[in-house]
Amino acid sequence: MNATVIDDGVGPAPAVGQAVPRTTDHRFEFSGDAREYFRIWIVNLALGIVTLGIYSAWAKVRTQRYFYANTRVAGAPFDYQAQPLAILKGRLIALVLFGGYALAGQFDVRVQLALALLIALLAPWLVVRGAAFRARYSAWRGINFRFVPDYKQAYIRYLALYLFVPFTLGLLYPFVKAKQKAFLVEQHRYGGVPFRFTATPGDFYPSYLAAFACGFIWSMLLSFVMVGAIGRHVSVDGTPPPMLVYGFPLLMYAGYFVIFAFLNASISNLVYNAVRLDNHRLHSTLRGSKLLWIYASNTLAILASIGMLIPWAMIRLARYRAECLTLLQAGDLDAFVATAQTDVDATGAEMDSVFDIDIGL
Amino acid sequence: MNARRALYFDGRSSRAHAVEAAIDGGELALHGDGVARREPLSALRITARLGRTPRTIAFADGAQLVLDDADDLDAAFASADRVQSWVDRIERRWRSVALAPAISVATGVLLLQFGVPWGAERIARRMPATVEAGLGRSVLDQLDRWAFEPSTLPQARRDALAQRFADLLEPGEDASVRIAFRHAPKIGANAFALPGGTIVFTDQLVALVGDEREFLAVAAHELGHERHRHTLRQALQGSAVAVLAALFAGDVSSAGSVVVAVPTFLLDGHYSRAFESEADEAAFATLVAHGISPRWFATIMRKLEAEASDTTELPYLSSHPPTAGRIARAERLADGFEAALPAQHAAVH
C-alpha cells in the first residue's frame, strides 16, 4: 500500500453511508429525483420502441436499479442485480405464449378458454418463480435475499382456497389474502434467516369488511340516486340523458378508487408491521388519505401531460412509501451471513408481468 | 482516482465497513475499518452508470464496494457494459432527451401504421391453406353454435344466388371460395368473409336485397376481403398490438393496462377501416369488370344503413368507415361507369 494516499478520520463525511449505531430506528430514505428519472424513462421508452421491444429488458433493469439504488435503510442502498439477457429470454418466452393466447382468442374461444385455464393453473407456480427471481437478484449490504419455493403451499393459497370463496359469499376472501401475504413473507430469507409474519387472518378482517361495507353502501346509494334521476329525466324516446349514462359509472369507479386507496394503506401497514427478521421489525405509517391524494393527483397529472409526468408520479409514490417505512433495529444488523445461491430463470417473473397477474407484497 | 470514502461488504456477512478506496497503479486499494485489500482492476466488475446512483464494484470472491458515482470510474474500468455506457451518455445529454419523445411517437406511429400491417400481410400470405381453412371452420363452427341457425331460404333461391356469385370468380378461384347462407335473427343483415374462403350471408341480408345485383355488390365486397385475406390479417394485427401493449404496459406505467387498452381499441377500428376501404375498391373493380354498376353497392348500403338505425343489434356498419363517404364514392364511380354505358343502367333509378 506504499503509494496510496489514505488519511483516516480527516476529510468529508462518509459519502455512501455511516457507521451504524446499535439498537435504533432507521427510516427508509428515497433519493430518486423526478427530473433525473425522466431522462432514464424517456430514453428507455424511445430505445424500447426503436428496437421493437428488445431493449425493454435493459430498460427494466435500469428502472429497477434506479429505484432500488435510491432506496436506503441503515445507511446502505438496495441493489438490483438481474441481468438484461436473462430478462429478455424470459420475456420472449412469455410473449410467445401471450401472442398464442391473443391469436387463439381471434379464432376460437374454446382454445382461448383452455389457455386461460392453463394460465390460471400455472398462476401459483408463477407466483413462486417470480418471487424467487426477484429475491435472488435483490441485495442489501452485499447479501442477497432468497425465496424458498414451496409449490404445495402456493397451490393451496393461490388456487385451492379461492375455490371456497364463492360458497362463503366472499367472506373467506380476507382469510385467503392473509394466507397469501404470510406465505410471501415467510418464504423469504435474508442471509439465511427466515422472515416471520406475526399477523393472523383475523387481523385482516376489519379492513376488508369496512371496504366491503363501504363499497356496498356506495353502490346502493348510487343506484337509488340513479333510479330517481332516470325517473325524472328520461327523454321522449325513452333513453336516459348521456350525463347519466357516463356519469354513473364514473361516480361508481371514483368511489371504488377511494375505497381502494384506504384499503391499500391499511393492508400495507398491517403486512409491513407484521414482518420480523430475527428481532428486527418494520414499522409502516401509510395514510389512506395521503395515498388517495397521490393516486388521484398522479392519475390527473399523467392524463393532462399525455404520459410525460409518469416518471414524476412514480418517483412521488416511491418517495411517500419509503418515507412511511422504518426499520426498527433490535440487536445486530451486521450478523447476517451469506448462503449459497443458484441462478433463477426469469420466465416466471416475466410471465406474471406480461399476463398482468398481480402479486405484490 | 483520489482516495474516497466507500462502503465495503465482504460478501459473507452483512457488516458494513467504512473504508477509504483508491486506484493505484492498476489496482484498487481498500483500507480502514479492519479492511486492507488490494485487487487488480482487471479482476473487478463495476455496475453501469445510472444517474447519480451509487456504483457497486464486485470482487471475484463476492465482496462488494459501494461508492458514490464519479465519472472517472468508467475510465479506470475498461470492462464496463458497452450498451449501458452508451445509453448513459444519451441520458445525460439534454438534446437526445428532448428528441426521445419525438422519436418514440414517430417510430410508434410508423410501426403501427406500416410495420404491423406489413408483417401481418407477409405472415398471412405464407400461412398454409390447410391452417387457414381450419381456422375458418373453427369460426363457422362457433358462429353456428351461438349465433346462426340453418338458412330458411328456399333451396332454389340459394342456388340461384350461388350461381350468380360464381360468375364473379376468377378462373380456378371456385376451388377456394365457397358461399353459405344462415338464418341469423340475433345478428341481422350481415355478411362474413371467414379465413380459408367461406363467405357467409345471413338470410336477413338476402331479404333486404331487391335486385340480385345488390347481392352481387355485397358479395364482391366480401370477395375483396377473401382475396386480401383480411380476416386473417386483422386477427394477426390485433394479436400483434396486444403483444406490443403487453410488452410496453408494464414499462410505461404501473397502471399500464388501462393506459394502453383505449388506444388498442381505437387501433383495431383504424385497421378494420383500412380493410373495408380496400374491400370496397376491390368490389367496385369486380363489379365494373362484370358490367355491373357500382350504384348497386350504394343502394344496398343505404338499405343496410336504414336497417342498422332501426335495430340495436350488431350492425353491419359498426366497424366500417363512414357510410356516407363509401356511398358517395360508389356513386361517383357509378356516374363514370354509366356515362360510358348509359342505356343498360337507366333502370336503376
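The figures here come from the full heavy-atom set of this structure, side chains too, leaving out hydrogens, waters and symmetry mates. Naming: A, B, ... by sequence-line order, numbering from 1 per chain.
- Atom CG of A/L45 and atom CD1 of B/I103 lie 11.0 Å apart (nearest 0.5 Å).
- Heavy atoms closer than 4.5 Å to chain B are found nowhere in A/P311, neither backbone nor side chain.
- Here the closest heavy-atom approach between residue B/F9 and residue A/A76 is recorded as CZ-CB, 4.2 Å.
- Under the 4.5 Å side-chain criterion, counting only non-hydrogen atoms from C-beta, A/V337 is not in contact with B/R12.
- Looking only at side-chain heavy atoms (C-beta outward), B/T53 and A/Y68 stay at 4.5 Å or farther from each other.
- Side-chain contact check for A/I42 versus B/P101: some heavy-atom pair is nearer than 4.5 Å.
- Both the backbone and the side chain of B/L236 have a heavy atom closer than 4.5 Å to some heavy atom of chain A.
- A 4.5 Å side-chain heavy-atom check between A/Y101 and B/V243 finds every atom pair outside the cut-off.
- Residue contact with chain A, scored on non-hydrogen atoms closer than 4.5 Å, is absent for B/E27.
- In this structure, A/R62 and B/A48 approach most closely via the heavy-atom pair NH1-CB, 4.2 Å.
- Checking side-chain atoms of A/R39 against main-chain N and O of B/R92 turns up a donor-acceptor pair under 3.5 Å.
- Of the atoms belonging to A/L47, it is side-chain heavy atoms, and not backbone ones, that fall under 4.5 Å from chain B.
- Counting heavy-atom pairs closer than 4.5 Å to chain B, the top residue among A/D33, A/D79, A/V61 is A/D79.
- The choice from B/H17, B/Q64, B/E91 that makes the most heavy-atom pairs within less than 4.5 Å of chain A is B/E91.
- B/R52 places no side-chain N or O within 3.5 Å of a backbone atom of A/G32 that could act as its donor or acceptor partner.
- Atom CZ of A/F257 has more than 12 neighbouring heavy atoms from other residues, nucleotides or ligands inside a 6.0 Å radius.
- Looking only at side-chain heavy atoms (C-beta outward), A/W58 and B/V83 come within less than 4.5 Å of each other.
- Under the 4.5 Å side-chain criterion, counting only non-hydrogen atoms from C-beta, B/S13 is not in contact with A/R141.
- Neither the backbone nor the side chain of A/T299 comes within contact range of chain B; no heavy atom of the residue lies under 4.5 Å from a heavy atom of that chain.
- Neither the backbone nor the side chain of B/A240 comes within contact range of chain A; no heavy atoms are under 4.5 Å apart.
- When each of B/S239, B/S14, B/A58, B/G62 is scored by its heavy-atom pairs under 4.5 Å with chain A, the top score falls to B/S14.
- Identified by a heavy-atom distance below 4.5 Å to chain A, the contributing residues of residues 129-146 of chain B are B/L135, B/S138, B/V139, B/D141, B/Q142, B/R145, in residue-number order.
- For A/R110, the CZ atom is densely surrounded, since the number of other residues' heavy atoms within 6.0 Å is greater than 12.
- Both the backbone and the side chain of B/L50 come within contact range of chain A, judged by heavy atoms closer than 4.5 Å.
- The choice from A/N44, A/V111, A/T63, A/V50 that makes the most heavy-atom pairs within less than 4.5 Å of chain B is A/V50.
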